[in-house]
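Everything numeric in this text was worked out from a predicted model, so none of it was measured. Throughout, a chain's letter reflects where its sequence line sits, starting with A, and its residues are numbered from 1.
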Amino acid sequence: MQIELRNIHKRFGPVHANQDISVTFHEGKIVGILGENGAGKSTLMKILSGFQPADQGQILIDGQVIDYTGPTAAIANGIGMLQQDPLDVGAFTVLENFIYGGAEGIALGRAQAEATLDDLSARFGFELDPHQLIDNLLIAQRQQLEIVRLLALGVQTLILDEPTTGISAEQKIILFDALRKLARDEGMIILLVSHKLEDVIELCDEVLVLRAGVLVGDMEMPSADHNLTGAVIAETKQHLVTMMFGEELEAQSREHYDLGKPVLEVDQLLVHDLRLDMQPISMSVQASEVIGLAGLDGSGQELFMRACARLGRITGGNLRLNGDNIVGASYRQLFHRGCVFGAAGRLEEGLIAGLTLTEHTALVADDHMRIDWKSMAKRTASRIDQYRVKGRAADNVEQLSGGNQQRVLMGLLPDDPQLLILEQPTRGLDVDSARWIWTQLLQRCQSGTAIIFNSSDLEELVTYSDRIFVFYAGRVYPVPDVSQTSIDELGHLIGGEFQQA
Amino acid sequence: MNEEFLNTLGSIIGTATPLVIASLGETITERAGVVNLSLDGSLALAAVLGFAAAWTAQEAGVLDVPMQIALGIVVAMLVGALIALLIGFSSIKLRRDQVAVGFVLTLLAADLARFLGADFTRIPGPQITRFALPVLSDLPILGPIFFQQNVLVYFSYILMFVIWFWLFRTKGGLSLRAIGERPEAAYARGAKVQQLRYWYTFLGGALVGLAGVAYSLNVKPGWSSPPAMQGDGWIALAIVIFGGWHPFRVVLGAWLFAALRAVSSNIQTNGLFIFGQEINFPFVLLNTLPWLLMILTLLIVSGGFTERLLQYMPRAVQHRMRAFLRSDPPKALGTRFEME
């Protein structure tokens with residue numbers, strides 16, 4: 001199979017998301033599609049996989065112009081896409097998801113489907129229990145199911161959107177092995193959309209880079225057969241970064257500040273959960289310290305953070321803020337004592353869709369019965385300036401982009417909090433916005449704020465944390481020395497490999 | 001077993017039938033992600049118009065009795081289906097809120113029924129008659145309870161099994177569940193989400209219409225004021241929740257509700273005797289009994305308790321039990337679906 005895109009254009013209102021993109025994908029190749037958020041890489045892949053129509057341009061498969069609309073038509077033409085949040089049904093079992101959308105007919109054909117599923121999973125070393133509910137699976141397993149499902153539908157080109165976000169190093173190895181096998185042995189085309197340079201360098205044969213909707217370059221990757229030395233990787237990375245941003249970015253780093261007195265003391269804390277066997281947690285967080293929590297989603301770190309913010313249930317142990325016991329306190333009380341929680345769901349828990357930026361300012365302002373809208377608007381305008389938010393005070397918050405919403409959230413934080421508990425503070429942000437957020441956070445640290453945060457971006461954890469705690473299935477492992485820990489080592493730790501050690 | 005007791009159980013099954021059919025109809029509509037909140041009004045309007053059609057045919061002397069009844073049923077089903085389609089149309093096409101539209105239609109249809117029904121108050125019309133199923137009705141215990149009923153009751157049994165089979169044993173059922181749970185995933189697998197939603201809303205509404213006419217042609221013939229089905233629409237909506245959107249549990253819920261209602265009305269007419277001693281009790285409170293029991297059951301089913309219980313079961317049984325015991329609504333219930 002060979003796919004050729006010719007002069008693809010796509011516009012969303014004033015945004016020209018794809019500008020005249022022409023490219024050819026060859027059989028048996030693994031191609032990385034790189035670019036920062038909003039560069040147009042997802043749009044291009046959605047066009048190829050039928051989720052969005054192109055405004056202009058042609059798609060040729062094996063030299064024939066093919067006109068299709070809709071993801072099922074794309075699959076019929078041999079092109080399937082694995083979305084970042086796999087498009088499966090949470091209330092279905094693995095087997096039901098596998099069957100749904102497959103062959104025509106009325107009967108489910110469970111037995112036969114189960115045999116096919118087992119067959120395909122065994123070929124790639126996937127472990128999928130056909131009777132498990134999707135809601136109980138890890139992201140990695142849901143990805144595996146989607147891959148197997150698309151293969152069963154006869155897909156010859158597989159597109160993967162950010163597949164390495166939220167999975168462990170071990171799961172990544174399984175995934176990459178499977179993808180290599182598909183390309184080498186079966187001549188499939190694998191397209192990997194990612195902003196993680198390491199992954200792309202490790203897996204891909206060649207890389208396309210998009211910037212602001214334009215295809216700015218392509219590059220052959222150093223072959224894995226020639227030893228991938230550190231120097232080669234670093235050089236390739238630098239090259240790719242220059243293409244992505246049009247300029248060279250400095251390596252991320254931070255200063256470490258002198259730590260102050262303990263702010264939060266956690267002593268044998270037990271948090272309650274039905275599915276996890278949570279072990280007691282102890283740690284002490286000092287002023288100016290940044291604590292990173294690593295782990296796959298649902299390993300207990302979210303429960304721990306919510307318990308610390310007094311938003312989750314505590315079943316045992318002690319918790320002290322500045323020496324005072326806060327086990328029985330409410331979040332509201334904590335908030336007034338300088339402890340602030342930032343939820344990962346920006347629009348679900350952090351901000352209120354339907355309210356304007358000014359109204360948000362008014363919400364967190366001191367409790368007065370009457371709202372002075374003039375001064376609120378003024379304060380909002382100055383925050384918009386200070387935090388470089390692209391938006392106006394009268395805009396509804398859901399109209400802003402994810403990066404700008406996060407900036408608004410930062411702007412709503414009190415000026416000098418004692419403790420910030422932040423769930424995935426840079427989730428879904430591009431490199432530039434993420435760095436800006438951390439500059440803001442570190443400024444606060446310098447003046448004594450302690451931070452506890454979690455992230456699925458291992459680089460972020462290693463770069464910004466003074467100490468890292470790894471959560472795995474309710475167990476907690478303090479990483480001995482963060483400065484001596486590589487991203488790869490951390491990837492193995494979040495997969496639970498500290499248990500053997 | 002005491003014959004009188006068996007007859008009582010039989011009559012409970014009989015009077016529960018409109019509730020059963022309405023709840024099953026609402027179940028498939030909600031499984032598709034659409035809330036038809038108009039039930040209380042739809043039942044009444046379908047009852048009046050269905051009865052009016054059958055009665056008019058009777059007065060005119062056209063058709064024989066079974067066909068008069070069939071005419072009434074068809075008219076009632078169309079009425080229910082059309083109201084449901086209005087909700088489907090306004091939410092799918094006009095992007096209005098399902099709850100708001102459903103609520104307004106409830107009030108509208110109920111008032112319209114009262115206005116149109118005035119002419120039909122307390123007049124006899126054609127009636128659906130009882131007919132005992134051969135062989136089955138002679139079964140001990142089960143016979144008198146389940147198989148000495150009318151056609152609508154038998155239909156409700158079949159309906160329950162058909163819906164269950166469709167939902168859990170066919171590809172069409174997977175699609176139905178998927179468009180109510182995650183329409184994006186259904187779309188990615190080739191389902192025509194909007195079209196299916198229209199279809200299941202229509203079908204569910206038709207069943208609600210059938211339930212409505214079951215009152216006026218059978219349970220409490222004709223039209224009366226206050227109407228016999230007043231409030232039952234809301235009860236049917238509650239039963240769907242109670243039944244966890246599972247056809248078997250929904251039917252059990254409807255039967256349980258009818259039984260409790262029979263108990264409380266019996267006590268209200270005859271008084272409550274314990275050991276020959278009459279107990280003085282504010283009997284109006286007994287009307288709240290069914291609700292109390294529902295809330296209690298919901299608490300048990302939705303707590304972590306069932307999840308823990310499931311852990312002890314063999315794996316192959318686990319997922320079936322989980323499907324049966326689940327208490328979460330379809331995730332996309334009441335939401336709009338738009339693919340960019």
Original post:
Given a strict heavy-atom distance threshold of 4.5 Å, which part of A:Pro86 is in contact with chain B: side chain, backbone, both, or neither?
Top reply: backbone

Original post:
With a cut-off of 6.0 Å (strictly less than), are more than 12 heavy atoms of other residues, nucleotides or ligands near CZ of B:Phe103?
Top reply: no

Subject >> Other residues, nucleotides, ligands: >12 heavy atoms within 6.0 Å of A:Gln112 CD >> reply: no

**OP:** Apply the side-chain contact (heavy atoms from CB on, under 4.5 Å) test between B:Arg189 and each candidate in A:Asn97, A:Val89, A:Ile75; give the one that qualifies.
**Re:** A:Asn97

Subject >> Where B:Leu174 and A:Ile99 come nearest, the two heavy atoms and their spacing >> reply: CD1-CG2, 4.0 Å

**OP:** Evaluate whether atom CZ of A:Phe12 has more than 12 neighbouring non-hydrogen atoms of other residues, nucleotides or ligands under 6.0 angstrom away.
**Re:** yes

Subject >> Atom pair CD (B:Glu181) and CZ (A:Phe92), whose distance is rounded to the nearest 0.5 Å >> reply: 7.0 Å

Original post:
Which heavy-atom pair separates A:Tyr100 from B:Ser175 by the least distance, and what is that distance?
Top reply: OH-OG, 3.0 Å

**OP:** Applying side-chain contact (heavy atoms from CB on, under 4.5 Å), run through A:Gln83 and B:Glu184 and close with a yes or a no.
**Re:** CA-CA 11 Å; A:Gln83 305 276 348; B:Glu184 300 82 7; over 6 Å; no

**OP:** Assess whether atom CZ of B:Phe165 is packed by more than 12 heavy atoms of other residues, nucleotides or ligands within 6.0 Å.
**Re:** no

Original post:
By a 4.5 Å heavy-atom criterion (distance strictly below it), what part of A:Asp85 contacts chain B: side chain, backbone, both, or neither?
Top reply: both

**OP:** Grab the two heavy atoms, one from A:Pro71 and one from B:Ala188, that are nearest each other, plus how far apart they are.
**Re:** CG-CA, 3.6 Å

Original post:
Would you call A:Ile106 and B:Lys171 a side-chain contact if the rule is heavy atoms closer than 4.5 Å?
Top reply: no

**OP:** Tell me, yes or no, whether the heavy-atom count around B:Arg169 atom CZ, taken from other residues, nucleotides or ligands under 6.0 Å, exceeds 12.
**Re:** yes

**OP:** With rounding to the nearest 0.5 Å, note down the distance linking CG in A:Leu87 to CZ in B:Arg182.
**Re:** 5.0 Å

